[in-house]
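Right, one structure below, let's go through it.
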Number of protein chains: 2
Amino acid sequence: MSTIVSLNKALTEFYDKMASWESSVVRESEYSLAQIHTLEVLGNYGAMNMKSLANQLGITTGTLTVQVEKLVKLDLVKRQHSEDDRRSITVALTEAGQAIHEHHNALHLSLTEDLSKDLSENERHTLMALLNKVNQEF
Amino acid sequence: MSTIVSLNKALTEFYDKMASWESSVVRESEYSLAQIHTLEVLGNYGAMNMKSLANQLGITTGTLTVQVEKLVKLDLVKRQHSEDDRRSITVALTEAGQAIHEHHNALHLSLTEDLSKDLSENERHTLMALLNKVNQEF
DNA sequence: ATATTTACTTTGACAGTCAAGTTATCTACC
DNA sequence: GGTAGATAACTTGACTGTCAAAGTAAATAT
């Protein structure tokens, strides 16, 4: 079997297992996958307007409006009208939202530690570097 | 920043981008993400019963029953009663289902080719090997 | 034999989603 | 300045995916 086919299998398998892990982690929390994902994007990339956030999440702004409304009621995000464009609304994490993001991020880090526990420091670094090359090509 | 934190970022970024790619590829097809995912699992792991399939997909058998019903109507999968356990039902791809799986798989392979186009044969092999180590730890 | 477990199905309630249409605001052009 | 078109966000209606809980039928244990 060619390297490319094996690599494809490995990448796909990783993606599937990661999705499964994420799903089970979220199921144990009191928030939905969509909600955690929203907090995750805001935490990782910082506050942004509705359009950018919807784009990053891969959903329409219509769907996002409803989602953000719920998160505002839960006091996890806040909305701020932009000063230079009054149509635009910036969505940002509240302190409570930030805390949840940090907790979720700690779970991710802990998973990464587990996954790479049999790798040498050199191997971890190589994997990271190769993945970064791959990520740039998307 | 420690290697483990960078590695975590790289893995998470890959997962996010892959999810986004999958979602946009599926949106262009005439089938839903859940449907394609079901065909994907059956294609990659072979025919299996409802319980295993639900488990692999991370959904309940109740949800799967409805999903399989739709796929049967679309002639993409078929149900067969197991001979040694008459409660158990084996779900398998039909020819049409197999064709869709192969088409989707070709898209994945093509993505992998694109993603690794700037990697040497050696690097591809290293990445594949390291990912396989990681995948085993899930 | 009968009680328990297992495999699957059915049903009811609810999240997430999109498409299409609406409103408010901004930008470009006369 | 005034008007037309573009843009950002919101609203609504329809549909899919989801689970939990309850139901059915078959296998297994006692």
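Treat the numbers as computed from the prediction; the structure is a model and nothing was measured. Scope of the values below: all heavy atoms of this structure, side chains included, with no hydrogens, waters or symmetry mates.
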- Query: Once you round it to whole Å, what is the distance between P of D:dT18 and CG of B:L33?
  - Reply: 8 Å

- Task: On DNA chain C, check which nucleotide each of A:T63 and B:V66 is closest to and give me the residue with the more 5' one.
- Result: B:V66

- Note on the structure: Testing C:dA7, C:dC8, C:dG16 for proximity to the side chain of A:A34, the answer is C:dG16

- Message: For a quick check under 3.5 Å, do A:Q67 and A:T38 share a side-chain donor-acceptor pair by atom type?
- Response: no

- Task: Find the distance A:I59:CD1 to C:dA15:C1' and express it as a whole number of Å.
- Result: 12 Å

- Task: Report yes or no: do B:S82 and B:D84 form a side-chain donor-acceptor pair below 3.5 Å?
- Result: yes

- For the side chain of A:D85, counting heavy atoms from C-beta on, which of D:dA9, D:dG17, C:dC26 is nearest? C:dC26

- Message: With a 4.0 Å limit, can you tell me whether A:R79 has a side-chain N or O closer than that to the phosphate oxygens OP1/OP2 of D:dC10?
- Response: yes

- Message: If you compare every side-chain N and O of A:T61 against the phosphate oxygens of D:dA9 (OP1, OP2), does one of them come in below 4.0 Å?
- Response: no

- Query: Nearest nucleotide by nearest heavy atom, which residue falls closer to the 5' end of DNA chain D, A:T90 or A:R27?
  - Reply: A:T90

- Item | Whole angstrom value for the distance that separates P of D:dA27 from CG of B:D84 | 9 Å

- Message: Using O4'-C1'-N9-C4 for purines and O4'-C1'-N1-C2 for pyrimidines, with syn meaning within 90° of 0, is C:dA15 syn or anti?
- Response: syn

- So does A:R87 reach the base of D:dT7 with its side chain, donor to acceptor, closer than 3.5 Å? yes

- Item | Atom-to-atom span, CD1 of B:I89 to C1' of D:dA26 - whole angstrom | 12 Å

- Task: Measure the distance from CG on B:N55 to P on C:dA7 and round it to the nearest whole Å.
- Result: 11 Å

- Message: Does A:N44 form a side chain to side chain contact (heavy atoms under 4.5 Å, CB included) with A:H101? I'd like the steps, not just the answer.
- Response: CA-CA 9 Å; A:N44 289 334; A:H101 164 64; 3.3 Å; yes

- Note on the structure: Checking B:T12, B:V5, B:I4 against B:N8 for side-chain contact (heavy atoms from CB on, under 4.5 Å), the one that qualifies is B:T12

- Below 4.0 Å: OP1/OP2 of C:dA15 and any side-chain N or O of A:Q67: no

- Message: In this structure, how many angstroms lie between the C1' atom of D:dA8 and the CG atom of A:L53, rounded?
- Response: 13 Å

- Query: Considering every strand shown, what is the Watson-Crick or G-U wobble mate of C:dT23 when both distances are under 3.5 Å?
  - Reply: D:dA8

- Task: Please determine if a side-chain N or O atom of A:S32 lies less than 4.0 Å away from the OP1 or OP2 oxygen of C:dA15.
- Result: no

- Query: Looking just at side-chain N and O atoms, do A:S23 and A:S20 make a donor-acceptor pair shorter than 3.5 Å?
  - Reply: no

- Item | Between P of D:dG17 and OH of B:Y31, the distance in whole Å | 13 Å

- Task: For residues 7-24 of chain A, pull every pair meeting salt bridge (charged side-chain N to carboxylate O under 4.0 Å, His left out), keeping only residues two or more places apart or in separate chains.
- Result: A:E13-A:K17

- Query: Under 4.0 Å between a side-chain N/O of B:T65 and OP1 or OP2 of C:dC8, yes or no?
  - Reply: no

- Task: Would you indicate which nucleotide in D:dG17, C:dC8, C:dG16 comes nearest to any side-chain atom of B:Q35?
- Result: D:dG17

- Nucleotide opposite D:dT16 in a Watson-Crick or G-U pair, distances under 3.5 Å: none

- Nearest whole angstrom, please: distance from the C1' of D:dT18 to the CG of B:L64. 12 Å

- Within less than 4.0 Å of OP1 or OP2 of D:dA9, is there a side-chain N or O belonging to A:S88? yes

